[in-house]
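Taking it in order: structure first as structure tokens, then the write-up.
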2 protein chains.
Amino acid sequence: MLTTGQFSKICQVSVKTLHYYDKIGLLTPLRVDSLTGYRYYSREQMDRMLLIGRLKRYGFSLEEIADILVCGDERVLFSKLKHQKEKLTLQRQETELIISELSDHLQNFERTGNIMGYQKRYEICTVYTPDRAVIASRQMMGVKDFGTYFSSLYERMAKEELTPDGIRGAVYYDEEFNRECSDIELIAGVKQTGRADKIIKGRLCASTIHKGAYSSLSDAYGALVAWIEENGYAWDGAPYEIYTKTQFDGLAPKDWETEIYFPVKEKDDK
Amino acid sequence: MLTTGQFSKICQVSVKTLHYYDKIGLLTPLRVDSLTGYRYYSREQMDRMLLIGRLKRYGFSLEEIADILVCGDERVLFSKLKHQKEKLTLQRQETELIISELSDHLQNFERTGNIMGYQKRYEICTVYTPDRAVIASRQMMGVKDFGTYFSSLYERMAKEELTPDGIRGAVYYDEEFNRECSDIELIAGVKQTGRADKIIKGRLCASTIHKGAYSSLSDAYGALVAWIEENGYAWDGAPYEIYTKTQFDGLAPKDWETEIYFPVKEKDDK
DNA sequence: GATTGACTCTCCTCTAACGTCATAGTTTAT
DNA sequence: ATAAACTATGACGTTAGAGGAGAGTCAATC
């Protein structure tokens with residue numbers, strides 16, 4: 001039988017942590033003296049404690065760990081571990097991306113001496129867009145679901161024997177953009193104009209090209225909105241993006257390119 | 001002039017976030033109507049908001065961001081960015097390490113079918129250690145300081161023309177091990193017995209070899225402590241580790257090897 | 001038996017960066 | 001004038017404990 005202090009030393013965790021785990025029921029001591037309230041742990045509980053520490057390291061929350069331990073099914077743990085591995089891999093990619101952005105930022109400073117107001121310069125202009133014949137899939141979705149929906153779109157295209165014209169994009173119907181879940185329509189251009197789901201009519205748009213990963217798309221968005229106001233135009237419809245260079249072209253995030261189109265009309269300023 | 005809602009949409013942040021930033025003084029609106037309390041932002045504040053978002057993405061806390069923006073010195077920002085880049089790089093390495101540990105864990109499951117109680121099997125035995133002539137440097141330090149102190153130890157060795165014998169290790173004087181800050185003595189073996197700082201006298205130790213990264217050293221530690229109790233020995237002095245295969249040998253974390261020695265004596269169990 | 005020092009208990013507050021209600025007041029469009 | 005949309009404040013919740021106060025307990029020594 002080990003006291004809290006002894007057990008904490010062996011397991012390399014703080015006494016506070018043991019108290020906390022007891023409180024949330026993650027690791028209750030073998031015996032608690034009902035008179036003094038003193039906790040006593042057994043040597044076998046060390047294994048459980050070490051496993052908890054390991055799972056914590058893998059990035060599980062204490063709640064998830066408790067679930068895993070309560071259920072006690074090895075297959076559950078196995079699949080959760082696999083899932084967690086994917087999550088960590090994604091996280092690593094994300095970190096890598098941020099590092100490369102940060103490097104860009106620093107390089108930019110060395111070239112231009114400007115660092116505080118580091119923002120990409122966006123070349124913005126109005127264009128009259130061409131008609132675009134597309135098949136489309138509109139849903140409430142998050143940015144992370146793009147892959148899934150795009151592949152089903154391409155499957156459909158194959159089934160219906162349509163020929164892609166290389167255009168891929170997304171229309172944002174919500175004014176307030178939320179990357180977890182928004183009203184988004186994915187579109188893929190097809191050559192068979194007659195058999196398309198819809199034709200995005202050509203019209204006046206303010207447009208720019210965003211170079212780099214999607215994480216800084218909001219910069220482009222902001223620049224466009226500002227430009228539209230400043231140049232006497234007004235927002236007039238759902239904006240959309242066309243992904244011209246992406247991971248599907250085998251490129252690294254920093255080389256991706258996205259065209260952004262904002263339907264606008266001239267403001268009748270009185 | 002933009003209302004909170006408009007500004008939040010342009011900058012792609014929530015209204016709550018704007019409230020919060022106002023409250024902590026990170027981004028106060030240009031004007032606040034003293035009657036209604038309504039906040040109004042200017043278009044120029046968008047730049048500040050975008051910069052805040054960017055810095056947040058780089059991993060700065062809001063407090064750090066506030067410092068940077070208040071001070072407004074470009075050189076400060078530059079050095080902070082560089083520092084942050086290093087931090088992110090370390091973080092990525094750490095994530096990679098965890099991923100490889102997780103992979104090991106999964107592989108281990110596929111081999112042995114055991115996953116819940118996944119713990120390395122440690123071969124533990126008692127040995128009579130040889131005398132070790134070492135130079136040493138004892139301080140309150142954290143695990144992260146090992147690199148610094150080891151290099152100064154090796155510098156000293158070069159200056160005093162001592163010959164290293166390849167032994168590198170650390171003695172832990174605190175019972176309670178804390179990886180941030182503990183009473184630790186780094187040691188490096190030398191061939192000139194007479195000129196060593198100290199000689200670690202040969203004696204009876206319980207010992208094992210830990211294979212893999214240091215993050216799971218506590219598993220070995222726990223296994224040893226348990227073994228010592230179970231086999232009728234008692235803890236008798238500060239434990240130490242010898243790093244036999246490390247990054248200095250050009251190895252990946254999973255191939256590192258650490259010998260752990262726990263001075264013990266036979267317990268006089270009555 | 002008394003004292004001392006080390007240990008342990010419970011209970012309280014605090015962290016970061018907001019999200020989530022609840023309730024009340026304001027603006028704008030019809 | 002009224003409804004719909006927007007905004008404000010304020011309280012509480014989130015994670016995984018850390019830190020501290022004040023009180024009780026244990027083991028060893030005198």
Side-chain angles (χ1 to χ4, degrees), chain A residues 1-41 49 51-69 87 142 174-176 178-181, chain B residues 1-41 49 52-69 87 142 174-176 178-181 234:
Chain A
M1 286 299 227
L2 303 161
T3 65
T4 309
Q6 292 166 336
F7 192 68
S8 85
K9 275 172 202 160
I10 292 181
C11 298
Q12 317 257 38
V13 297
S14 73
V15 171
K16 278 287 176 193
T17 302
L18 291 176
H19 283 173
Y20 184 61
Y21 289 0
D22 184 12
K23 190 176 157 196
I24 64 172
L26 183 57
L27 181 69
T28 42
L30 192 67
R31 195 169 75 76
V32 178
D33 189 311
S34 52
L35 267 153
T36 66
Y38 274 37
R39 297 172 176 81
Y40 296 95
Y41 295 85
M49 187 65 234
L51 183 56
I52 292 172
R54 180 168 284 283
L55 294 177
K56 229 175 42 150
R57 206 174 139 68
Y58 292 161
F60 291 105
S61 72
L62 295 187
E63 203 183 335
E64 291 171 307
I65 294 174
D67 285 351
I68 291 170
L69 293 184
K87 250 182 83 177
D174 278 348
E175 288 203 17
E176 186 155 9
N178 177 335
R179 64 175 37 244
E180 303 291 293
C181 182
Chain B
M1 287 297 229
L2 301 162
T3 65
T4 310
Q6 292 166 335
F7 192 69
S8 85
K9 274 172 203 158
I10 292 181
C11 298
Q12 317 257 35
V13 297
S14 75
V15 171
K16 266 297 169 191
T17 302
L18 291 176
H19 283 174
Y20 184 62
Y21 288 0
D22 183 13
K23 191 174 156 195
I24 65 171
L26 182 57
L27 181 70
T28 42
L30 192 68
R31 194 170 75 76
V32 178
D33 189 312
S34 51
L35 267 151
T36 65
Y38 275 35
R39 298 173 176 80
Y40 296 95
Y41 294 85
M49 188 65 233
I52 291 172
R54 181 168 283 282
L55 294 177
K56 225 172 47 142
R57 206 173 139 67
Y58 293 161
F60 290 104
S61 72
L62 295 186
E63 204 183 335
E64 291 171 307
I65 295 174
D67 285 352
I68 291 170
L69 293 184
K87 249 181 82 176
D174 278 348
E175 287 204 18
E176 185 156 6
N178 176 336
R179 62 175 37 242
E180 304 289 294
C181 182

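- Considering only heavy atoms from C-beta on, I52(B) stays 4.5 Å or farther from V13(B) through its side chain.
- Heavy-atom distances to DNA chain D give each of Y38(A) and R39(B) a nearest nucleotide, and the one nearer the 5′ end belongs to R39(B).
- By the side-chain hydrogen bond (donor to acceptor under 3.5 Å, both in side chains) test, T17(B) pairs with S14(B), sequence neighbours left out.
- Protein chain B touches strand DNA chain C; the 5'-most and 3'-most nucleotides with an atom under 4.0 angstrom of its non-hydrogen atoms are dA17(C) to dT27(C).
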Identify every side-chain donor-acceptor pair in residues 25-36 of chain B under 3.5 Å, counting partners at least two apart or on other chains, and give the distances.
residue	atom	partner	partner atom	Å
D33(B)	OD1	L35(B)	N	2.8
D33(B)	OD1	T36(B)	N	3.2
T36(B)	OG1	Y38(B)	N	3.1

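- Residues in residues 2-37 of chain A take part in these ring-ring contact (aromatic ring centres under 6.0 Å, His included) pairs, two or more places apart or across chains: F7(A)-Y41(A).
- Taken to the nearest 0.5 Å, the NZ atom of K87(A) stands 15.0 Å off from the OH atom of Y58(A).
- Legend: residues meeting salt bridge (charged side-chain N to carboxylate O under 4.0 Å, His left out) with R57(A), ordered by chain and number and at least two apart, are E94(B), E101(B).
- Residues meeting the salt bridge (charged side-chain N to carboxylate O under 4.0 Å, His left out) test with D22(A), sequence neighbours left out: R39(A).
- Scored by the side-chain contact (heavy atoms from CB on, under 4.5 Å) test, Q6(B) finds L2(B), T3(B) as partners (sequence neighbours excluded).
- For the atom pair NZ of K16(A) and CG of L18(A), the computed distance is 11.5 Å after rounding to the nearest 0.5 Å.
- Within the structure, salt bridge (charged side-chain N to carboxylate O under 4.0 Å, His left out) pairs that include any residue of residues 58-68 of chain A do not occur (at least two apart or interchain).
- For DNA chain D, the outermost nucleotides in 5' to 3' order that have an atom under 4.0 Å from a heavy atom of chain B are dC6(D) to dG10(D).
- Applying a 4.0 Å cut-off to non-hydrogen atoms, the residues of residues 16-25 of chain A that approach DNA chain D are K16(A), T17(A), Y20(A), Y21(A), listed by residue number.
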